[in-house]
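Proteins come first, then strands; the chains are lettered A, B, ... in the order of their sequence lines, and each starts at number 1. What you see below is based on every heavy atom in this structure, not just the backbone, and it leaves out hydrogens, waters and symmetry mates.
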Amino acid sequence: MLNNYAIFNRGGIIKYIMELPKTYLPSKHEATIYNLWEQNNVFAPSGQGEPYAIVMPPPNANAHLHIGYALTAALEDISVRYHRMKGRNTLLLPGADHAGFETQSVYEKHLAKEGKSRFDFSREDLYRQMYDFVALNRQNFEKQFRQLGISCDWSRFTFTLDDKIVKQAYATFKKMWDDGLIYRGERLVNYCTQHRTGFADIEVEFREAETNLWYIRYPLVDGSGEVVVATTRPETMLGDTGVAVHPDDERYTHYVGKTARVPLTDREVPILADSFVELGFGTGAVKLTPAHDQNDFDAAERHDLPKMTVVGHDGKMTSEVPEKYRGLTVAEARATVVADLEAGQWLVKTEQLTHNVGHCYKCGTVIEPLLMEQWFVNMQPLAKPAIEALKANQIVFYPETKQAQLVNYLENLRDWNISRQIAWGIPIPAFRSVDDAQDWLYDERVDQETIEVNGKTYSRDPDVFDTWFSSSSWPYATLGLGSQDFDAFYPLSLMETGGEILYPWVSRMLMLGLYNTGQVPFKAVYIHGYVMAEDGSKMSKSIGNVIDPSEVIDEFGSDALRMGIISGRAPAVNRGYDRRRVEEARNFCNKLWNMARFMQHQGEGKAVRTQSPVAQTSVDHWALGQLNHAVADIGKALDEYRFAEAYDTLYHFVWDDIAAWYVEASKVEGQGTLLSYLLERILIVAHPFAPFVTEAIWQTLGWGNDGFLAAQRWPETIEYNARKADEFVAAQTIITEVRAILKAMGTAANRLYHRDDALLNSQGDIIKKLAGLNDVKSVESGQGIYLTTTAHVCWLDIDRQAADSYLSKLEAEKQQTEKRVANYTARLNNDSYVKSAPEHIVAQTRQALADTQADLQRITDEQKRFSQL
RNA sequence: GGGUGAUUAGCUCAGUUGGCUAGAGCAUCUCGUUUACACCGAGAGGGUCGGGGGUUCGAGUCCCUCAUCACCCACCA
């Protein structure tokens, strides 16, 4: 099979030549086109104009892109291409995420297949292995991004473990350290005993679980009675260090201050009053296990209770508990404790209870709140300025509601645990004295296990940062704080991302951005919704309903996927993937392609690019007017990130106005002389949405000599004659009515008569061709039926039989028109309407009434005329 | 428990600050192969905008309420 296109380089100008087959075949062009762009550095910032910058939220370098990324990519790329064409200094900076724990989990599965575990390796070894593992997989997603046509500057590609990111993380940590925002604390940490690491609150997944509520007697030491507590975790009673009741709970007032004995142990614990206890729940008395429950921990802090760790990092009971329970798993311990309670008559009763239990979002293991020493960030001083910036509207949110949600989140923020006990991440640059557990140093020599400072030995903290800690500086760390890029592009124009990371990421970028740069990191935030499966359910690998963007691209093309996926989609609304919209968009690409074919055909194979049109005919002026409107509407919609609306406007402008009306009109001799100009403008305006097909056309027509389409300027408003444009609108009205009548009556070839009407004289040829008439001519007196939707007197010569059936149709039309007349009349008779409504609205109504009355008049005249025949 | 969003044509969904007869694509029905395109063209049918109440000259749009669905946050010893 012969190649039907060739690329060659002649005199430094790249030409792209091929035939124009009937249908556009994306697969034949997309890769070639993207290579041309990339090799010619089309996506680098121009250095001219007002800056416009987006830094991509880095996708997981290890992942195969799912179809949601097609949406992200389309939204970002449309914005960027549009602003580039507007002449702005535009940057789209790509990146990839090492995705700490996520990737380590994947790698662990990989290891498991080889019968190994991460605990078989040192952290350094593991890190190196994973770095290579990710480097291999990374090419995959970079390839997919290119498939999607993303116009990013690959030379600025940033990986979240790159030096500049690590350095920024260290600088941030150091600054916080110096400012006293970082503290080492023994706190309850959400701990997965399977993965052996702690998590941030936000990473814990709560699921409903059926469990029991056990009611247990705690006898008073003075023998004066007992307190019954209710618990879902009887095994943790082995670590109880108190019992709490509500201060207002009269049932227990006289117990407060007394001492109870914890069954199955010899421990005596105080009964105290604390308002965190809920009066209505259980018995109103609660056991306190400070080392394994957040509320209990907080209460213990307030009342200075000791904290006993009874569940260890391995998920087994520790040596703190009586010997018979030691080494049991939590589940085993629970069963044993319950049995022993029963045997000892300590158990009052058991109730069923449904409640939420935290699980590891990766492996599903129940999260144990465990007491651990970790690095924490004091969030209040960071959250406060962020809240102020939000309330001062320094960032525009799409949709708006996300702003208030973020404020609400920030106002209730707890301190942030940034330590993770995994290998795949940025080592925490802190060292602890081997002699003094309280003596910590900040030091960046993390490649060393131990360091000597002032004659003392310090050993490295084995933990790494939470991924979100380093990625919170993403907007300026990628640019390089204080660099030229930073000066040019910070704050970013837009942060485009999904709703699931509004809290963990957007909020932290905002806080740390303000902290490190004194400015908000971005001027706008666009939150996209999720792409669900076609039936509206969540896509997941386990269900097997994941849609691969590459497969869609293979079938329909990248442009079709981009447009199909943004079509009709509002921000932050989850919606299923809709294959029909992609098909629709594919058809649209083909429409563009065939308009180009038609134009080339008209120009006898030589399509000349025109930039300064001379409008001659009415339809020319009309087309320019429509172009102006479309360009303005699309631009305005894109300025406000209303992508679906912008695409809709483009679609209907191209298809309805130009393809259906203008191109058809241009087939009439002497009409439609601006085809190449309009096509040129359309390619530019459509380019942000459908970059491949538009560039393919551009290059194929030989316009590449003037530079890439991707580098063209967005159209300016063009002058046109509105009165002449209106002539074509009038012609359209006549054409539409004639078509409708002929269709409804089932008659074909006919003539349209008029009495030397100026419009009919000048637009006769177009009307004849587009309405499918035999003739349009001026006569002394005509015959047939009058048109009723136009003020231009003309009548359609159809046979008597068809005319009779037309009458009944006319009656239905009359009734509708009468209704409208009544409607407008009533409105205008309403004094308060005329007084309160804006003048132009009232004027519109008056005009509408006049027009409708005229229509009604023509209809009744026509009926009368018929009845006299 | 708190919060957010959704409910518009058979289906999937648009509808910017309230203002012409509420739109699109797909699907359905008629007709059509006029040399850009059947991934096409022309025409048609189809909605009391979830229920109820309110504000207003005017409500799909704003407010209240109810119902159903989805999601987020918090948390239940």
Looking only at B:rC39, B:rG43, B:rU21, the nucleotide nearest the A:R827 side chain is B:rU21
Name the pairs: protein N/O against N/O of nucleotides 14-17 of chain B, kept only if under 3.5 Å.
{"from": "B:rA14", "atom 1": "O5'", "to": "A:G568", "atom 2": "O", "distance (Å)": "3.1"}

Any N/O pairs under 3.5 Å between the protein and nucleotides 26-35 of chain B? List them or say none.
{"from": "B:rC31", "atom 1": "O2", "to": "A:K743", "atom 2": "NZ", "distance (Å)": "2.9"}

Between the base of B:rC37 and the side chain of A:K591, is there any donor-acceptor pair under 3.5 Å? yes
Of all the heavy-atom pairs spanning A:L849 and A:V821, show the shortest one and how long it is. CD1-O, 3.7 Å
Is the distance between the ring centroids of A:F653 and A:H629 under 6.0 Å? no
Under a 3.5 Å limit for both distances, which nucleotide forms a Watson-Crick or G-U wobble pair with B:rU56, could you say? none
Base paired to B:rA70 (Watson-Crick or G-U; both N/O distances under 3.5 angstrom): B:rU4
Restricting to nitrogen or oxygen on both sides, can you table the protein-nucleotides 59-63 of chain B pairs closer than 3.5 Å?
none

Parallel, tilted or perpendicular, as decided by the 30° and 60° cut-offs, for the rings of A:Y641 and A:Y398: perpendicular
A:A744 near the nucleic acid: base, sugar-phosphate alone, or nothing, with a heavy-atom cut-off under 4.0 Å? nothing
If the plane angle is over 60° it's perpendicular, under 30° parallel, otherwise tilted; pick one for A:Y24 and A:H29. parallel
If only side-chain N and O atoms of A:W655 are considered, is one of them under 4.0 Å from the OP1 or OP2 phosphate oxygen of B:rG41? yes
Within 45° of the six-membered ring axis of A:Y651 and under 6.0 Å from that ring's centre, is NZ or CZ of A:K591 located there? no
Intermediate values then yes/no, salt bridge (charged side-chain N to carboxylate O under 4.0 Å, His left out), A:E583 and A:R580: CA-CA 5 Å; A:E583 277 181 27; A:R580 291 171 308 181; over 6 Å; no
Heavy atoms from C-beta onward define the side chain here; which of B:rA38, B:rC57, B:rC73 lies closest to that of A:N830? B:rC57
Would one find a side-chain N or O of A:Y824 under 4.0 angstrom from OP1 or OP2 of B:rU21? yes
Could you let me know what B:rC26 is paired to, Watson-Crick or G-U wobble, both distances under 3.5 Å, or none if it's on its own? B:rG10
Please give the distance between the P atoms of B:rU55 and B:rA42 as a whole number of Å. 47 Å
Please determine, for B:rC20, whether a Watson-Crick or G-U wobble partner exists with both distances under 3.5 Å, and give it or none. none
Provide the distance between the two C1' atoms, one in B:rA6 and one in B:rA14, to the nearest whole Å. 14 Å
